[in-house]
Amino acid sequence: MLESLPDRTDETILTGSLKVLLAPADNATKLTDLLKAFPDFSAVNYFDARTGVPPLDTLKLYDVVLTWSFYPYKDAEDMGDVLADYVDQGGSVIMFPFSFYTDTFSLKGRIKEAAYSPFGGGGGGHWYPADLGTHDDSHPFMEEITSVRDPYRDKDLTQNSGSTLVASWSDDELLAGVNGSGNVAVLNTYPGDSY
């Protein structure tokens with residue numbers, strides 16, 4: 001269920017900066033609360049993608065949409081297509097695990113195509129920790145990042161043509177990447193409440 005959607009006429013939206021929608025097939029209370037504490041964000045809202053697909057007009061209210069799965073998407077195909085439509089209209093998407101996990105939990109639709117997603121493949125998840133491996137410390141993703149550790153990650157991801165690999169895990173699984181247009185990223189580290 002969509003909670004407290006902003007209105008473009010709302011004074012805080014017009015004078016604020018970044019507007020973020022978390023649209024996972026998962027609970028996102030911890031990350032939502034964490035992001036709301038930063039003054040950089042004028043709106044941080046949550047849509048539970050286990051219960052539906054956010055309309056394109058809703059997505060267009062935001063600068064960036066974050067998505068991942070810990071449960072199945074209500075409609076993984078439609079979710080992937082509406083995210084691609086949103087990117088086509090200038091939006092940005094960040095995908096997290098387990099968007100590439102399996103047929104049951106995976107995000108589907110056009111957003112998974114190489115023209116959109118920096119990574120493809122995937123065939124399951126890791127359930128043991130790895131640390132930050134090879135990375136480009138000059139990339140904005142890595143600003144002030146000196147270590148990363150997570151056991152909940154997608155495995156067997158592949159880099160799509162035209163994308164930029166920003167970081168890998170110490171076990172050589174892919175950690176972070178951006179597509180050629182710079183408007184879709186994958187961060188292969190789990191941000192949901194189930195962690």
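Owing to the predicted nature of the structure, the values given are computational and were not obtained by experimental measurement.
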Between Asp193 and Lys30, does any NZ, NE, NH1 or NH2 come within less than 4.0 Å of an OD or OE carboxylate oxygen?
no
Is the Phe105-Phe70 ring centre distance short of 6.0 angstrom?
no
Residues Tyr116 and Arg110: side-chain donor-acceptor under 3.5 angstrom:
yes
For Asp154 and Glu173, work out which heavy atoms get closest and say how close.
O-OE1, 4.3 Å
Please name all residues satisfying side-chain contact (heavy atoms from CB on, under 4.5 Å) with Thr134, sequence neighbours left out, ordered by chain then number.
none
For residues Thr189 and Trp169, report the shortest heavy-atom separation together with the two atoms involved.
CB-CZ2, 4.0 Å
Please confirm whether the backbone N or O of Asn27 pairs with a side-chain atom of Tyr71, one donor and one acceptor, at under 3.5 Å?
no
Atom of Lys112, atom of Leu107 and distance for their closest heavy-atom approach:
NZ-O, 2.8 Å
Residue pair Asp63 / Val20, side-chain heavy-atom distance below 4.5 Å
no
Has Asp33 got more than 12 heavy atoms of other residues, nucleotides or ligands less than 6.0 Å from its CG?
yes
Distance, nearest 0.5 Å, that separates CZ of Phe47 from OG1 of Thr67
10.0 Å
Main chain of Gln159, side chain of Ser163: is a donor-acceptor contact present, judged purely on distance under 3.5 Å?
no
Exercise answer: donor-acceptor pairs, residues 138-148 side-chain atoms, under 3.5 Å, sequence neighbours excluded:
from: Ser138; atom 1: OG; to: Asp136; atom 2: OD1; distance (Å): 2.5
from: His139; atom 1: ND1; to: Phe141; atom 2: N; distance (Å): 3.0

Is there a side-chain contact between Asp48 and Thr51 in this structure, where contact means two heavy atoms from C-beta onward sitting under 4.5 Å apart?
yes
When rounded to the nearest 0.5 angstrom, what is the spacing between CG in Leu59 and CD in Gln89?
10.0 Å
Pairs under 3.5 angstrom only: tabulate donor-acceptor contacts from the side chains of residues 90-101 to other protein residues two or more places apart or in another chain.
from: Ser99; atom 1: OG; to: Phe96; atom 2: O; distance (Å): 2.7

How far apart are the closest heavy atoms of Ala167 and Leu165, and which atoms are they?
O-CD1, 3.5 Å
Can you tell me if Asp131 and Ser170 form a side-chain donor-acceptor pair at under 3.5 Å?
no
About how many Å separate CG of Leu35 and CG of Leu18, when rounded to the nearest 0.5 Å?
9.0 Å
In terms of the angle between their ring planes, are Trp127 and Tyr152 parallel, tilted or perpendicular, with boundaries placed at 30° and 60°?
perpendicular
Assess whether side chain to side chain contact (heavy atoms under 4.5 Å, CB included) is satisfied between Val178 and Val166, documenting all intermediate values.
CA-CA 7 Å; Val178 182; Val166 176; 4.2 Å; yes
Using atom types as modelled and distance alone, determine if a side-chain donor or acceptor of Arg153 lies under 3.5 Å from a backbone N or O of Tyr128.
yes
Between Ala76 and Ser106, which heavy-atom pair has the shortest distance, and what is it?
CB-O, 3.3 Å
Could you tell me which non-hydrogen atom of Ala23 sits nearest to which non-hydrogen atom of Ala49, and how far apart they are?
O-CB, 3.7 Å
Just verifying a value: how many Å separate Asn188 CG and His126 NE2, rounded to the nearest 0.5 Å?
8.0 Å
Do Asp75 and Tyr73 meet the criterion of a side-chain donor-acceptor pair at a distance under 3.5 Å?
no
With rounding to the nearest 0.5 angstrom, report the CG to CD1 distance, Asn179 to Ile111.
8.0 Å
In Å and rounded to the nearest 0.5 Å, what is the NZ to CG distance from Lys36 to Leu31?
11.0 Å
